[in-house]
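Below you'll find the structure, written out as structure tokens, and then a few comments.
Remember, it's 1-based here, ligands and their atoms both numbered in the order they're listed. What you see is a predicted model, and the numbers here were worked out from it, not measured in a lab.
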Amino acid sequence: MLWKYATNVNKYRYCCHSLQVSLHCSRVVDMASKRKSDNDSDEDKKPVKKVPHWKGGLLTSMHDSDAQVYTDDDVIIIKDKYPKATYHFLVMPKENIPNLKSLKKENVELLQHMHEKGKEMAEKADPDLQFRLGYHAVPSMSHLHLHVISQDFDSPCLKNKKHWNSFTTEYFIESEEIIEELKKNGKVVKDVNHSQELLKKPLSDSLCCIQIGTYSTWNMQIGT
Ligand code: AMP
């Protein structure tokens with residue numbers, strides 16, 4: 001009887017020990033799987049496929065028939081994906097010209113053609129609206145693009161000071177000025193640091209020139 005009791009106690013102890021081991025083991029397994037799932041989520045954050053860099057987005061849009069509004073042997077005109085005004089087009093050469101710095105004297109004719117086609121597009125869009133045609137001194141996107149933008153700046157995509165300054169300060173260089181510089185010097189050179197400072201200019205420096213109606217439609221985060 002005593003022996004039976006002792007055996008049962010031992011069995012009980014053995015069971016408890018096994019239970020503890022199993023609990024411990026399951027905790028270890030849980031921790032390991034948590035670590036694994038943590039690692040998995042890190043893995044998930046890594047891009048599985050090499051996606052094209054966002055700077056190349058214009059090259060994708062150039063070949064998107066929904067974005068294209070005009071094309072000929074030398075240029076493609078697309079609608080800007082994040083228009084900063086009612087009408088905002090980008091005129092791009094079919095030839096691979098990454099930026100203003102890559103321009104050579106022999107490209108003068110191409111720039112003139114881009115300008116002409118941009119003007120025609122503006123006229124077609126709305127002959128009553130004022131438009132400007134120009135290049136950003138330090139473009140964010142790759143592949144040369146001429147902005148053709150109506151001057152109402154009526155767009156939910158115009159969200160901050162940088163956007164505003166990029167179209168209203170000398171950061172926006174008239175297309176004709178670029179053509180003249182290329183004709184004269186055979187190249188286009190811009191001071192990157194000076195240009196980037198222009199984007200930081202206070203809004204008050206240029207707000208005087210917009211219409212109140214336009215201003216009220218803005219979703220601008222003043223000062224950002
Ligand atoms: P920037 O390089 O500063 O002269 O301006 C680039 C312009 O491209 C901006 O006005 C953007 O709204 C526009 N944009 C950015 N990504 C795309 C895209 N994938 N397709 C069309 N336009 C774009």
| Tyr171: what forms a ring-ring contact (aromatic ring centres under 6.0 Å, His included) with it, not counting sequence neighbours? |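 ring-ring contact (aromatic ring centres under 6.0 Å, His included) list for Tyr171, sorted by chain: His136.
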| query | With His115, which residues qualify under side-chain hydrogen bond (donor to acceptor under 3.5 Å, both in side chains), at least two apart? | reply |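 Scan of His115 (side-chain hydrogen bond (donor to acceptor under 3.5 Å, both in side chains), adjacent residues dropped) gives Ser175.
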| Neighbouring residues of ligand 1, heavy-atom cut-off under 4.0 Å |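 Contacts of ligand 1 under 4.0 Å: Gly57, Leu58, Ser61, Ile78, Asp80, Lys81, Tyr82, Lys84, His88, Leu90, His136, Pro139, Ser140, Met141, His145, His147.
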| query | If you measure only the distance, is there a donor-acceptor pair under 3.5 Å linking the side chains of Thr86 and Asp154? | reply |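 Asp154 and Thr86 do not have a side-chain donor-acceptor pair below 3.5 Å.
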| request: Please lay out, stage by stage, how Lys117 and Val148 fare under the test side-chain contact (heavy atoms from CB on, under 4.5 Å). | output: CA-CA 10 Å; Lys117 292 298 154 192; Val148 177; over 6 Å; no
| Derivation of the ring pair (Phe, Tyr, Trp, His ring centres under 6.0 Å) call for His145 and Phe89 | CA-CA 9 Å; His145 49 281; Phe89 305 106; over 10 Å; no
| request: Can you tell me which residue pairs pass the salt bridge (Lys or Arg N to Asp or Glu O under 4.0 Å) test with a partner in residues 122-132, sequence neighbours excluded? | output: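 Those involving residues 122-132 are Arg132-Glu174.
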